Amino acid sequence: MDNKDKAEKYSLRRATLVGNYYTSRLRWQIMFYPLISLLFFAMSMVANSLGSELIGMTLTGFLQYLVIFGPIVFAIRRNDVMEATIPASSAEKSTFMAVYCLIILPVLALAPCEIATQLVYGKSILAADLSSDTNLSALELNTTIFTICSLLQIIFGASICMWVVTAARKSPVMKGILFTIAANFVIGMAVGIVVAVNVVKTTLNSPRLHRMPNINYEALGETMNSVYTWLIPLLSILIIFAIWRTFRAMSKR
């Protein structure tokens, strides 16, 4: 094997060193995401102490958008000509981008708040807390499945944003935002429709049309657990597809 072939071999070390080029753009995320995460936890704790658990959950829920739209940082001050001079292959550049967007960003934005929430309340920010509502608490959602699915939904959004930002030639920031919102909307609508159809079939009991139907929350919980179970492999496949498209897009730049 000659030197040229060796130079073209994939190098994980070069993929890691790609970060040196993006340091100036990524520094603010690395510095401020953990601080923002803890700030939102503090605000959530104040809301919980005032008896507004729903507001507290909403505040910590906002952290997911730091991850989902985080890849937009690669579109800011993007210079394809300069990026082409980076001494790394497109696969190595894509590896760094995928690891940063889908692993490092979730850790930076979610881990501080997650750890603090676990220590103070003994629960996860990714799992829905339905105990405050008598009816909803009867859903008996599988916490593990719901938590995994919630995390995959966040990573799915980030992977779509990463793909669009990488592939877009013009207006990558705007397209990254719009396509990511659209993709999450489609997934949300699909889940909502499936659950709604099953609710109509199995959990509604309305003897008279003018009366409010009674919901069988136990059956509804089983339906939601089933939906989230098949959503996990679906989201995993879509994430892998988005990563593959990112690699393809990087190879064409």
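This one's a predicted model, so the numbers in the text were calculated from it and none came from an experiment.
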Side chain to side chain, [X] and [Y], heavy atoms closer than 4.5 Å:
X: Ile154; Y: Leu126; result: yes
X: Arg14; Y: Pro87; result: no
X: Leu235; Y: Cys149; result: yes
X: Ile86; Y: Asn20; result: no
X: Leu152; Y: Ser236; result: yes
X: Tyr121; Y: Met45; result: yes
X: Ile187; Y: Leu238; result: yes

Are [Y] and [X] connected in a single hydrophobic cluster, I mean Ile/Leu/Val/Met/Phe/Trp/Tyr linked by side-chain heavy atoms less than 4.5 Å apart?
X: Val99; Y: Phe241; value: yes
X: Leu17; Y: Ile104; value: no
X: Ile240; Y: Leu234; value: no
X: Ile237; Y: Leu151; value: no
X: Val120; Y: Met43; value: no

Identify all side-chain donor-acceptor contacts of residues 60-75 below 3.5 Å with residues at least two apart in sequence or on another chain.
unit_1: Thr60; atom_1: OG1; unit_2: Gly56; atom_2: O; d: 3.4
unit_1: Thr60; atom_1: OG1; unit_2: Met57; atom_2: O; d: 3.0
unit_1: Gln64; atom_1: NE2; unit_2: Gly61; atom_2: O; d: 3.1

Between [X] (side chain) and [Y] (backbone), is there a donor-acceptor pair under 3.5 Å?
X: Ser44; Y: Phe40; value: no
X: Thr180; Y: Ile160; value: no
X: Glu92; Y: Val18; value: no
X: Lys175; Y: Lys170; value: yes
X: Ser37; Y: Tyr33; value: no
X: Ser159; Y: Ile243; value: no

Rounded to the nearest 0.5 Å, what separation is found between the [atom1] atom of [X] and the [atom2] atom of [Y]?
X: Phe41; Y: Leu59; atom1: CZ; atom2: CG; result: 12.0 Å
X: Ser124; Y: Gln118; atom1: OG; atom2: CD; result: 5.5 Å
X: Arg245; Y: Ser94; atom1: CZ; atom2: OG; result: 12.0 Å
X: Leu26; Y: Ile76; atom1: CG; atom2: CD1; result: 10.0 Å
X: Met189; Y: Asn184; atom1: CE; atom2: CG; result: 13.5 Å

Nearest heavy-atom neighbours spanning [X] and [Y]:
X: Pro112; Y: Val107; result: CD-O, 3.4 Å
X: Ile239; Y: Leu102; result: CG2-CD1, 4.4 Å
X: Thr117; Y: Lys123; result: CG2-O, 3.3 Å
X: Cys113; Y: Ile125; result: SG-CG2, 3.9 Å

Could you check whether atom CG of Leu178 has more than 12 heavy atoms from other residues, nucleotides or ligands sitting under 6.0 Å from it?
yes

Do other residues, nucleotides or ligands put more than 12 heavy atoms under 6.0 Å from the CZ atom of Phe247?
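Yes, because the 6.0 Å sphere around CZ of Phe247 holds more than 12 heavy atoms from other groups.
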
Identify whether NZ of Lys or CZ of Arg in Lys93 sits under 6.0 Å from the centre of the six-membered ring of Phe96 and within 45° of that ring's axis.
no

Audit row: Leu39, Leu35, side-chain contact (heavy atoms from CB on, under 4.5 Å) steps and yes/no
CA-CA 6 Å; Leu39 175 62; Leu35 297 177; over 6 Å; no

For Trp163 and Thr166, what are the C-alpha separation, side-chain angles and deciding distance, and is it a side-chain contact (heavy atoms from CB on, under 4.5 Å)?
CA-CA 5 Å; Trp163 167 25; Thr166 305; 5.7 Å; no

Using the side-chain hydrogen bond (donor to acceptor under 3.5 Å, both in side chains) rule, take Gln29 and Tyr100 through it: C-alpha gap first, then chi angles, then the decisive distance, then the call.
CA-CA 11 Å; Gln29 283 185 326; Tyr100 180 79; 2.6 Å; yes

